[in-house]
**Q** 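Let me begin by handing over the structure; questions about it come next.
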Amino acid sequence: MTQTQSTEAARAPAKNDSIHSESRRTFMKLAAGAGAAVSVTSKLAWANGEIGFWAKDLPSDKLTEMFNTIVRIRWYERTCVDKMITDPKYRGYNHFYPGQEAVAVGVCAALNNKGPFNELDLVYSTHRPSGHAIAKGADLKKMAAEYEFRATGLNGGYAGEMHISDKSCGFIGADGMIGPGHVIATGSAFAFRARGSKQVSVVFGGDGTYATPHFHGALNNAALLQLPFIYVLENNLYHQYAHYSYSCPMKDIASAAKTYGIAGVVVDGQDVFQVYNAAKTAVDRARAGEGPTLIEAKTYRYYNHWGAPGAKPGQLGAFGYDPLAISSFRPEREVRAWMARDPVDICRDTLITWGVFDRAKADAIEAAAKKEAIEAFEWADKQPFCKPEDGLKNVFVEGAVPARQFG
Amino acid sequence: MTQTQSTEAARAPAKNDSIHSESRRTFMKLAAGAGAAVSVTSKLAWANGEIGFWAKDLPSDKLTEMFNTIVRIRWYERTCVDKMITDPKYRGYNHFYPGQEAVAVGVCAALNNKGPFNELDLVYSTHRPSGHAIAKGADLKKMAAEYEFRATGLNGGYAGEMHISDKSCGFIGADGMIGPGHVIATGSAFAFRARGSKQVSVVFGGDGTYATPHFHGALNNAALLQLPFIYVLENNLYHQYAHYSYSCPMKDIASAAKTYGIAGVVVDGQDVFQVYNAAKTAVDRARAGEGPTLIEAKTYRYYNHWGAPGAKPGQLGAFGYDPLAISSFRPEREVRAWMARDPVDICRDTLITWGVFDRAKADAIEAAAKKEAIEAFEWADKQPFCKPEDGLKNVFVEGAVPARQFG
Amino acid sequence: MARKSFMYAVLEAVQHEMRQDKDMIWIFELTPPVASTPGKPVINLEKEFGRKRVVNTGIDENWMASCVLGAGLAGSKAVTYIPYQGNCMCFQVIQNHAGKLRHMSGGGASMPVVFLLEMTGQTPGFAGQHSDYEIDTYYAHIAGVKTVVPSTPTDAKGMMAAAIQDPNPVCYLYAGGLRELIEEVPDNQYTTPLDKAAVRTTGGDITIVGSGGGMPEVLKATAVLQKQGMKVETIDLRCLKPMDTETLVKSVRKTKRLLTVDQSYYTLCPGAEVIARVAENVTGARYKRVAFPDAPPPASPEMFLWMRPNAEHVVGAARKLVG
Amino acid sequence: MARKSFMYAVLEAVQHEMRQDKDMIWIFELTPPVASTPGKPVINLEKEFGRKRVVNTGIDENWMASCVLGAGLAGSKAVTYIPYQGNCMCFQVIQNHAGKLRHMSGGGASMPVVFLLEMTGQTPGFAGQHSDYEIDTYYAHIAGVKTVVPSTPTDAKGMMAAAIQDPNPVCYLYAGGLRELIEEVPDNQYTTPLDKAAVRTTGGDITIVGSGGGMPEVLKATAVLQKQGMKVETIDLRCLKPMDTETLVKSVRKTKRLLTVDQSYYTLCPGAEVIARVAENVTGARYKRVAFPDAPPPASPEMFLWMRPNAEHVVGAARKLVG
Ligand SMILES: Cc1ncc(C[n+]2csc(CCOP(=O)(O)OP(=O)(O)O)c2C)c(N)n1
Ligand SMILES: Cc1ncc(C[n+]2csc(CCOP(=O)(O)OP(=O)(O)O)c2C)c(N)n1
Ligand SMILES: [Mg+2]
Ligand SMILES: [Mg+2]
């Protein structure tokens, strides 16, 4: 985690979150010093010492829940991939998130996701929304039904994957466009500030968002008005099939924060606790009226941009040439190298190291997550299709627009 | 002149431009050392030593021409102001440039303004175009006629002030919008690079352009493709009636260059030679294929945003409250302080100090410029009005579109 | 009741709503939300509600529109005043986001927002970008936003109040040429529907349909024609989307002659939609359009004033149609 | 002559022009300029002409359109392929700059540029932003650019060649739904006019006018109706601006019945303009429009496919109009 900004200040962890930290810290030092954790250290990214390591101060049930959320995302996605490549009747198209789970979970764990709408922190998502939606609290069954365009889906079949949303947990939703969501998200932050609320507005976006004109509009105005706004830039190295160096002249996109005089942070996106630390610092800053943060999480997606070309049933990740790539494609060795630093493994191993749970418990959690995901897609398959004429509704709050296709 | 970038390299001045430099440098040192120039130093901004002080190596006729251009702009504008406030039949509206002349002239003196179109450097201008147009080489008479919407105007009466253009000298033209021109200008730079031409594309823009989404699009793409592109940001402190701190979180807008890894320079916009030095460095860089430069010229306009409220005939500058300002307005003391560092005075005094001409010669040049301007507006007043139906022409290259206003 | 300008009437409606709703925001750029009229207090939203709720920043109209949209999604009422120079800078976010989010979310998205889109005053001499009149069509074609274009201070106030109270995103087009209109406008808050055209005069010889910035000239022409004995039914469209087909069809069923008048470019001007809707429902009528030619507005007043539809043009076209 | 897809035909035209003119450039984003067809060489503009002339950068469609405009102003021919997701990101610069610069400069500005604006393929399931069909109206209302929407590979090639050779800026709309069309297309370079509609079938009972992505279904419906004995004059609009009024009017003078078919939203769809032009010139005709309702396209295939105009809808509407 690199601080590109000096405004960073150590802040005391919120009361209800501080527990067991002393013993965990001690254990951490012992393990590191004695080399006892050697077999897992290669998968662990260590914090910059213990200062600001908020994650370590979280209660065990919260930490366990973070692992649970990671594997729920992982298995929701893997189940969906398998369905897509084995069930010819499956009609969804998807942009898969595996490899990046730690980012969604680390950020959303620092947010308020329950309660009345005017107390929720809001999350704006992208064309790759499953992870963000689940981490924010959306229901797996309803998501699966939405991905299959069913009337009982999260959004009644209007949305599909690329536009799912769930107001009840503050998930403003996916957006198929690259750029605009970031600027819109600053508007929610503006509304929070105007009404004196402590809510924060968070937007997720890829490395592809950097080059959009919207990047400037979002950060400049958030900086000028000191908005409670957090821009989580998931740098998974590629936008579609182009490496981010095609669209960005610098290595760390977070360094752009400097221009705006706001906090910019680069974080290891494979380690959910590193992400949590950065997010919590940013959330505290936002709630304190100290303005926006740009968090760049270095991460990777195990599947291709879109759909599941190169994936095999029951196997994690996609390999080989994607016919959609046409003129450029990422090397398979790169995929495998990133998979060796898997966010599920890092989270599991860290929590075992911290003594939060043992491997058996972790396996049980993962098995339950897998079961939940499978059941969600099974449930979805039994849901009713949409009524054609409902397409004329929800254009405006009231009524329906006239049919015009019949002349 | 602050270099925010280390890519700056001293480059030998072009052959035809190096003359008399040795003697001028010697004189400069003597004058400074002996205190002989004390009476003028308060109006002179000194370079960072002599290195990269290209202006000092220019031939005397070129330096004289720079002064001539400055006063031609000044008197074109002053004549226009006087006309606007004394001649009720004058129909033009204008955004006046006095106070900023050194920027237009310093930049354009470093460009190629004559020859076949495919060898000219191109200039994109703004809603405040007179200075840029004259510095690039547009004809005063035709400009005056255009400002009064005459058929023989620079653009046949189609343009008015806010859209004047003159391809014959590479003046692509004014643009009434804030932002888009900058991005379009990178397109010309792209074309130059694609066809292996040594031309450069220059855009002028105010401090107001910084906040536009286009700022990012122009600089990011110019940086990525290393385009022969120069962004001259004239920071005259205000966009309309808002101080630039309302739209920009940093003091020096040029520091934004850092993010893009390109050269960014802050320059004293009241000193034409400082501006020339920065422009020449940028032009050399662009022609050498070394990419874009962002030049921020600190400057000031003596009139209000638009028109001539507060101006008196025969008097330079506008003072007092502008009724259009409504909720905020610049202090009069600020205007007077900037007028004390007038670009005409600085240029004249520098050249006298350098021994390029004496005061009598300078006065004669200025008198001629004044006369030319007065004659231009007199000529314009005698030009024919446009034929109404010509409004249907020039929509496409060929023919005219049908009239539709009669039903 | 007092004499009020267009903008005073608008800000009066806004002020009322902002006093009711402490969360409501207003984003502006170069036009401070300030208006005055003789005998009434000056309205200054920035002063009254403070810079947390009423703010300007830089020249970024896309941010302005996106900001109010995001505020709406967060549950706050919000309005932005986009200056005419930037009224297409924010086009994409209105077309692709404000217009689609409710539908795409299956009804979940909340968007109680108003985009007050200033149009140019069509000032002679300003040329091209500063005197066009074309966005009515662009915004009226968008699905999922209501697009209205009031033409009187009275409608301006009532439709602004209705727009703010409407839970749907509303594109409220403000034709800058109406800036100088002044009339008696009620002081109390009232609403004017966002889906009804206004029949300004009734008659059986011809239906003339105009909207927004063109209405003063249409009404002038109506008076001239009436003096000449023609029975003119003049309709102020007011609402471009949804469009009030019923009022239009009913009128032309009676008059059998339809003349549309637009300041917008001829091709795909609102009048084209008016004619198409009527032609689908009425047989045997005759049609004519007066509109700005398919050419950008030139600077020269001679050229521009000749091209811009005016009362004389309307009178001439009506005579051709009826004669 | 060989069987070619829409995009192969387009790139063949582009390749020819780029070989002629060493200055010409092509800007793309996520769609590399690559196409292949059996028995013909693969076209890869990036490989053939190199990354100085053919380049992609980041996700900034406003830059792409602005870049080719700036290249044009500098005297270079230039084309950009804007992906459908960004086809309104570049709206303002085309509307306010490409469309006005020639006029505002009194004829001085050079703009031999083509904006190849991809439209969505209207794929069921993609929803809202990824399956709409609406930009035809936005771009056709702009003054100063020519806006065309070819519907066959043969026209695609000829109109691309014409667009590149045309010194005016051209918005070349490419309906993604035509991606899979394959037909025999000549190998030599030829041009197809940018201001002429194409009469696809002749007949005296009814005129059916469609364009772009809707044409395959219109032609399917035509065949069905012809089998049922109806004499159908089917017109492919091809050029939205300028629009070929003459061909339209001539046809409806004969048939007295006009059915327009659009994939675009009903309000202010191109068909509205077609009807208005005809109604101004023909008396006593009957009119009907088939179009997408004024609603964003929903994800659910059940809803979406019911809403999108198809051959069955066209057949039904034609029968109502003629019967
Ligand atoms: C304005 C716009 N242009 C183009 C696209 C097409 N598109 C969809 S996803 C994508 C790449 C996004 O990359 P990134 O932001 O890095 O997110 P990732 O896919 O890596 O999660 C592009 C170009 C779009 N959706 N919106
Ligand atoms: C997109 C857009 N929004 C708003 C305007 C209105 N406007 C004209 S000039 C101006 C201020 C420009 O300030 P700056 O760039 O600093 O130039 P200066 O006037 O100081 O020369 C504004 C906001 C515009 N022309 N274009
Ligand atoms: Mg990415
Ligand atoms: Mg300024």
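For the numbers below, each heavy atom of this structure counts, side chains included, while hydrogens, waters and symmetry mates do not. Below, chain A is the first sequence line, B the second, and so on; all start at residue 1.
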**Q** Would you say the side-chain atoms of A:Arg128 pair up with the backbone N or O of A:His305, donor to acceptor, closer than 3.5 Å?
**A** yes
**Q** Please flag which part of A:His214 lies under 4.5 Å from any non-hydrogen atom of chain C: side chain, backbone, both or neither.
**A**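 Side chain only.
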**Q** Flag the pair A:His132 / A:Tyr97 as yes when their ring centroid distance falls below 6.0 Å, and as no otherwise.
**A**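 Yes.
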**Q** Heavy atoms only, distances under 4.5 angstrom: which of A:Val395, A:Val397, A:Val401 has the most pairs with chain C? Name it, please.
**A**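 Most pairs with chain C among the choices: A:Val397.
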**Q** Where on A:Ala185 is there a heavy atom nearer than 4.5 Å to chain C: the side chain, the backbone, both, or neither?
**A**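 Looking at A:Ala185, nothing touches chain C.
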**Q** Taking C:Lys146, C:Met111, C:Glu280 one by one, which has the highest count of heavy-atom pairs under 4.5 Å against chain A?
**A**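 Most heavy-atom pairs under 4.5 Å with chain A: C:Lys146.
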**Q** Could you tell me if A:Lys198 sits above the aromatic ring of A:Phe192, with its cationic atom closer than 6.0 Å to the ring centre and no more than 45 degrees from the axis?
**A** no
**Q** Heavy atoms only, distances under 4.5 angstrom: which of A:Gly391, A:Gly179, A:Ser197 has the most pairs with chain C? Name it, please.
**A**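 Highest number of heavy-atom pairs under 4.5 Å: A:Gly391.
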**Q** Verify whether the ring centers belonging to A:Tyr260 and A:His216 lie closer than 6.0 Å.
**A** yes
**Q** Is the distance between the ring centroids of A:His95 and A:His127 under 6.0 Å?
**A** yes
**Q** Looking only at heavy atoms and a cut-off of under 4.5 Å, which of A:Asp390, A:Asp166, A:Asp175 has the most pairs with chain C?
**A**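 The answer is A:Asp175.
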**Q** What part of C:Ile25 gets closer than 4.5 Å to chain A, counting heavy atoms only: side chain, backbone, both or neither?
**A**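 The side chain, not the backbone.
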**Q** For A:Leu154, which atoms come within 4.5 Å of any heavy atom of chain C: side chain, backbone, both, or neither?
**A** neither
**Q** Looking only at atom types and distance, does a side-chain atom of C:Glu118 sit under 3.5 Å from a main-chain N or O of C:Tyr84, one as donor and one as acceptor?
**A**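 Yes; judged by distance alone, with no hydrogens or angles, the pair exists.
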**Q** Does the ring of A:Phe385 carry A:Arg150 above it, NZ/CZ under 6.0 angstrom from centre and within 45° of its axis?
**A** yes
**Q** Just say parallel, tilted or perpendicular for the rings of A:Tyr147 and A:Tyr76, cut-offs at 30° and 60°.
**A** perpendicular
**Q** Non-hydrogen atoms of chain C under 4.5 Å away: do they reach the side chain of A:Phe396, the backbone, both or neither?
**A**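 Both parts, heavy atoms under 4.5 Å.
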**Q** Give the interface residues of residues 89-105 of chain C toward chain A, defined by a heavy-atom separation under 4.5 Å.
**A**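 Answer by number: C:Gln92, C:Val93, C:Asn96, C:His97, C:Arg102, C:His103, C:Met104, C:Ser105.
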**Q** Of the listed residues (A:Asn221, A:Asn118, A:Asn220, A:Leu122), which shares the most heavy-atom pairs with chain C below a 4.5 Å separation?
**A**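 Top count of heavy-atom pairs under 4.5 Å with chain C: A:Asn221.
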**Q** With a 4.5 Å limit on heavy-atom distance, are the side chains of C:Leu30 and C:Asn56 in contact?
**A** no
**Q** Is it the case that the side chain of C:Asp166 and the backbone of C:Ala163 share a donor-acceptor pair, with hydrogens and angles ignored and the cut-off at 3.5 Å?
**A**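 Checked: no pair found.
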**Q** Between the side chain of C:Arg238 and the main-chain N/O of C:Val149, is any donor-acceptor distance below 3.5 Å?
**A**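 No; zero donor-acceptor contacts below 3.5 Å.
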